[in-house]
Amino acid sequence: MASSDQLPKNYDFAEVEERWRSTWRDEDHYFDRNSKKPQFVIDTPPPYPTGNFHIGNALNWCYIDFFARYKRMKGFNVMFPQGWDCHGLPTEVKVEELNHITKNDVSREEFRKMCRELTEKNIAAMRITLRKMAFSTDWSNEYITMTPKYYSKTQLSFLRMLASGYIYQSEHPVNYCTRCETAIAFAEVAYEDRETQLNYFDFDGVEIATTRPELLAACVAVAVHPNDERYHKLKGTSMKVPLFGHDVPVVQDEAVDPAFGSGAVMICTFGDKQDVHWWKQHNLALRKAIDRQGKMTAIAGKYQGLNSTDCRAAILADMKEKKILHRQEKLAQRVGTCWRCKTPIEILSERQWFVKIKPDEIQKAAHEITWYPGHMLLRMGNWVEQMEWDWCISRQRIFATPIPVWFCRKCGEMVVPDEKDLPIDPTLVKPKHACKKCGSTEFDGEVDVLDTWMDSSISVLNVTGWDGSGKPPYFPAQIRPQGHDIIRTWAFYTILRAVALTGSRPWDQILVNGMVLGEDGFKMSKSRGNIIVPEEILEKNGADALRQWGAMGAATGSDIMFNWNDVVSASRFQTKMWNITKFALIQLEKGGFDKNTPVTALADRWLLVRLSDTVEQVSDAMEAYQFDVALKAIREFAWDALADNYIELVKGRLYQQDASRASACLVLHTAFDALCRMLAPFTPYFAEECYSYFNPGQSVHKQPWVSFTYDDEAARVEGNTLVLVVAEVRKYKHDNGMALNAPLGKVTIYAPHTVNDEGDTGRTLNADVHWRTDAAKLDRAITDIDFNRSVVGKTFRKEGQAFMDAVKALSPEQLANPPKTIQFGGTEVALPENVFTPKYSYMEEGAKVDVLTVGDVIVTIAKK
RNA sequence: GGGCUCGUGGUCUAGUCGGUUAUGACGUCGCCCUUACACGGCGGAGGUCGCCGGUUCGAAUCCGGCCGGGCCCA
């Protein structure tokens, strides 16, 4: 044990956190591949390396670290890996920005190199924040998706799914961002409200309303509702498209809303998802009017080369000139946009690669996973149920995992590499063998690359040791922690891939965290100016305070508003605990106790009962990932039970030197030790610091989780009474304008049981206290009656009020000594036990005394 | 329009398989520098638990409707 004068007066989080950070060793958090302990593998989210670890990440990682540390203390072999999901557009855009180039100004390889360098720099910056936050990361299991080691696994998974028929290529309409010049998946489409114009124009004699006149060239049909009598005569005919002159059929479809616009609608390839639907259903022609750059194609005739906005204006102008534009109306609509750049997406038909979605097997696996909170499973279910198209996994970009296939230049045959040659970039290397079909040695490498989610959706396979040969050794993982915003992407794709590649669910449990909102209750955004970065909190209040906010800010799973109040109260709790530490150290260094000291005094036994309850509550909450409940119970025990009640009660005993002192010392030590351990997952720096003063050279993070139990029902009941009595007398002092330590004179406590308080009550109240078990010899008058309404209601139901009136009508003698039965409403009924408590006013031996009642305990205070 | 979710003192929040006086934090007001702590202690004020209706002896809690916020999706 260290000496108490080594403790600084104030807790200096900056100094302490820095010191432990440089003391702790990474190896202590490594997953042990030779361990016999049960495994607990975490499928940590690999963040996108933007260079800034934002507060949403921080919350997510707090949860992970809480249970990672808890599980280690519980004896699990924990793997808390750290990945980095590198590929993708934002980095490409950033590189273009920083270097003032576009991706086409340099070679693909040069561009990739620039992306890699930026990513490495960003990862380095984010690692520093992770370390400051004291996350117990397993750095031996770090993975970076842009490295050959990782993306060879991505490519292997691609080849396996290609071989098993999950992956195919096909020409199919896809969502396409013409600014990013790439296909995107539905999960990457963000819908935004926009105001647009609905244009009514003459379409070969029929009025048609459209929001997208620029797609006139891509018109392939006119659709009407089959029951719409206005258009019965059009059935089976064809119509001439204005301005362009090609003929299109008239089709009938129930999905046409006769009340919208004119009730006749033109089908274009493709204005929206509905067009795709109709196009498939009615087997219509395909007319591509917009190309990958968003420019009008040759079929747009004189409009060729215009972008869609200019084309729209030009076509409307031409319609006006031809006097076929009838009118225009404003219309609010939701348009699909690219979630990264907010450009409205186009639906283009392109040759792309797809992953087959099999809803049933995904649902089955999703249901085998335990979801925290449970309702998040519904979100997954809803998403799976309404999937219409397969997952488009090809992208026309550069910084991504290459699709490892070639095509024979002569016969078009697809050629794949040997698995042992992975990773490969088919644009840089050639196949090792000639084409099996035609013998040609001329090939074109696939230039499309993979969707980033193809990398990250095998994170769990990567960490559990998947290499394509049999079941991965640590699969499935125990838990996936992630936010609810990426259920439809990361969680969904991971389940899909795990099932496709291994046939089973990827994890046992999934813990879904909420979003972090700004202090104003809105999503954090630059425009609102409500962004809080973790670094700012680390600077002002330290990692432990930030972590406490993460635990207590809201129930696990619900959205959490950032709140400086919570950070401040977290810091105050640390101050309080720091002083408890100091007090305990000062008392315990005086010595005089050992583990075999008998614990006899009521206050001591009571605290052990409270501690036992707390340990149980906290442990249960940790198992259920209810970090708010756990930390709240810890704080309540430390602040309320230990500091405000117990220490105040036994202070006097600790200041003196006798046998009863040892009992208090043992209890104090037991409680303090348990507190350090329970705090360890939440406030690792702080818990380590406190623990180290009592156990120099030892780390609290290597101790087992608390398993303390103490069963003493009498101590619970009587101790609660004791605490309430003391509080009541303090309040009495307060009400009488006395200082809390002012001497009080004779206090007599009439309790139903003997109380061995070792003089604690008298010392803490600074009074001449006498505990007695006999009945108080008081003249008492009943002033009121308290009913136990839960008993009254259960027993008498509707007659409850009548019963209470009957009791009130009893004489004072009867109330003081209640009969077994009572009459009311014409019948005689048994008087239930504990159904009422009379309120008394007391006189002791004719002398003036103040009387307090606490439950069934009577306290008389004889004034001096 | 659909699904999910939330609505509790000035602010944030716990409680929600019904039951005596609705939890805590921050703020606020009063008293107290008691040999761990004034970054503290003790106490007070402050709530028609979104609104309306129902079930019940009894509803923040269960049911129905409405209003409002958030997220996801049409």
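Labels below follow one simple rule: chain letters A, B, ... track the order of the sequence lines, proteins then strands, and each chain is numbered from 1.
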Peer 1: Of the nucleotides B/A74, B/C42, B/C4, which has the atom closest to the A/Q386 side chain?
Peer 2: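 Given the options B/A74, B/C42, B/C4, the side chain of A/Q386 is closest to B/A74.
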Peer 1: What contact category does A/T575 fall into here, base, sugar-phosphate, or nothing, at under 4.0 angstrom with non-hydrogen atoms?
Peer 2: base
Peer 1: If you count every heavy atom of other residues, nucleotides or ligands that lies below 6.0 Å from A/H669 atom NE2, does the total exceed 12?
Peer 2: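 More than 12 within 6.0 Å, yes.
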Peer 1: Looking at B/G40, B/U34, B/C4, which one has an atom nearest to any side-chain atom of A/L378?
Peer 2: B/C4
Peer 1: Using the P atom on both, measure B/G27 against B/U11 and round to a whole Å.
Peer 2: 16 Å
Peer 1: Sequence neighbours excluded and cut-off under 3.5 Å, please list the side-chain donor-acceptor pairs for residues 644-656 of chain A, or say none.
Peer 2:
from: A/N645; atom 1: ND2; to: A/D640; atom 2: O; distance (Å): 3.2
from: A/Y646; atom 1: OH; to: A/D604; atom 2: OD1; distance (Å): 2.7
from: A/E648; atom 1: OE2; to: A/K651; atom 2: NZ; distance (Å): 3.4
from: A/R653; atom 1: NE; to: A/D760; atom 2: OD1; distance (Å): 2.8
from: A/R653; atom 1: NE; to: A/D760; atom 2: OD2; distance (Å): 3.4
from: A/R653; atom 1: NH1; to: A/D604; atom 2: OD2; distance (Å): 2.9
from: A/R653; atom 1: NH1; to: A/S660; atom 2: O; distance (Å): 3.0
from: A/R653; atom 1: NH2; to: A/D604; atom 2: OD1; distance (Å): 3.0
from: A/R653; atom 1: NH2; to: A/D760; atom 2: OD2; distance (Å): 2.6
from: A/Q656; atom 1: NE2; to: A/D658; atom 2: OD2; distance (Å): 3.1

Peer 1: Picking from B/U34, B/C12, B/A36, which would you name as closest to the side chain of A/N563?
Peer 2: B/C12
Peer 1: Select one nucleotide: of B/A14, B/A25, B/G41, the one nearest the side-chain heavy atoms of A/K632.
Peer 2: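 It is B/A14.
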Peer 1: Does A/W490 have A/R480 sitting over its ring (NZ/CZ under 6.0 Å from centre, angle to axis within 45°)?
Peer 2: yes
Peer 1: Would the base of B/G70 count as contacting A/H484 through its side chain, where contact means a donor and an acceptor less than 3.5 Å apart?
Peer 2: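 Donor-acceptor pair under 3.5 Å: no.
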Peer 1: Assign the ring pair A/F796 / A/F824 to parallel, tilted or perpendicular, where the plane angle (0 to 90°) is split at 30° and 60°.
Peer 2: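 Judged by the thresholds at 30° and 60°, the geometry between A/F796 and A/F824 is perpendicular.
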Peer 1: Any sub-3.5 Å donor-acceptor pair from A/N579's side-chain atoms to A/T575's backbone N or O?
Peer 2: yes
Peer 1: Quick check for you: among B/C26, B/A36, B/C71, whose closest atom lies nearest to any side-chain atom of A/R379?
Peer 2: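 Out of B/C26, B/A36, B/C71, the nucleotide with an atom closest to A/R379's side chain is B/C71.
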Peer 1: Within the 4.0 Å heavy-atom criterion, would you say A/R730 contacts the bases, only the backbone, or no part of the nucleic acid?
Peer 2: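 No contact at all - A/R730 keeps every heavy atom at 4.0 Å or more from the nucleic acid.
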Peer 1: Can you tell me how far C1' in B/C66 sits from the matching atom in B/U56, rounded to whole Å?
Peer 2: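 Those two atoms are separated by 23 Å.
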Peer 1: Between B/G41, B/G3, B/A74, which nucleotide has the shortest distance from any of its atoms to the side chain of A/L740?
Peer 2: B/G41
Peer 1: What contact category does A/W639 fall into here, base, sugar-phosphate, or nothing, at under 4.0 angstrom with non-hydrogen atoms?
Peer 2: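 The residue A/W639 makes sugar-phosphate contact but no base contact.
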Peer 1: Which nucleotide wins on minimum distance to the side chain of A/M561, given the candidates B/C4, B/C12, B/G43?
Peer 2: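 Per side-chain heavy atoms of A/M561, the pick is B/C12.
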Peer 1: What contact category does A/H734 fall into here, base, sugar-phosphate, or nothing, at under 4.0 angstrom with non-hydrogen atoms?
Peer 2: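 The residue A/H734 makes base contact.
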Peer 1: For B/G47 and B/A60, measure between their C1' atoms and round to the nearest Å.
Peer 2: 11 Å
Peer 1: How would you label the contact of A/A584 with the nucleic acid (heavy atoms, under 4.0 Å): base, sugar-phosphate, or nothing?
Peer 2: nothing
Peer 1: Among the candidates B/C26, B/A36, B/G19, find the nucleotide nearest to the side-chain atoms of A/I647.
Peer 2: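 So the nucleotide nearest the side chain must be B/A36.
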Peer 1: Looking at B/U35 and A/Y655: do their rings stack (centroid distance under 5.5 Å, interplanar angle under 30°)?
Peer 2: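 A/Y655 vs B/U35: stacking yes.
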Peer 1: Counting side-chain heavy atoms from CB outward, which of B/A38, B/A36, B/C26 is closest to A/K9?
Peer 2: B/A38
Peer 1: Work out how far the C1' atom of B/C57 is from that of B/G18, and round it to whole angstrom.
Peer 2: 12 Å
Peer 1: Contact class for A/K576 (heavy atom, under 4.0 Å): base, sugar-phosphate, or nothing?
Peer 2: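 Contact class for A/K576: base.
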Peer 1: Using ring centroids (six-membered ring only for Trp), state whether A/Y625 and A/Y63 fall under 6.0 Å.
Peer 2: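 They do not qualify: ring centres at least 6.0 Å apart.
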Peer 1: Give one of base, sugar-phosphate or nothing for A/K651, where a contact means two heavy atoms less than 4.0 Å apart.
Peer 2: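 If one applies the 4.0 Å heavy-atom cut-off, A/K651 turns out to touch a base.
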Peer 1: Mind checking if A/N10 touches a base, just sugar-phosphate, or nothing, with heavy atoms under 4.0 Å?
Peer 2: base
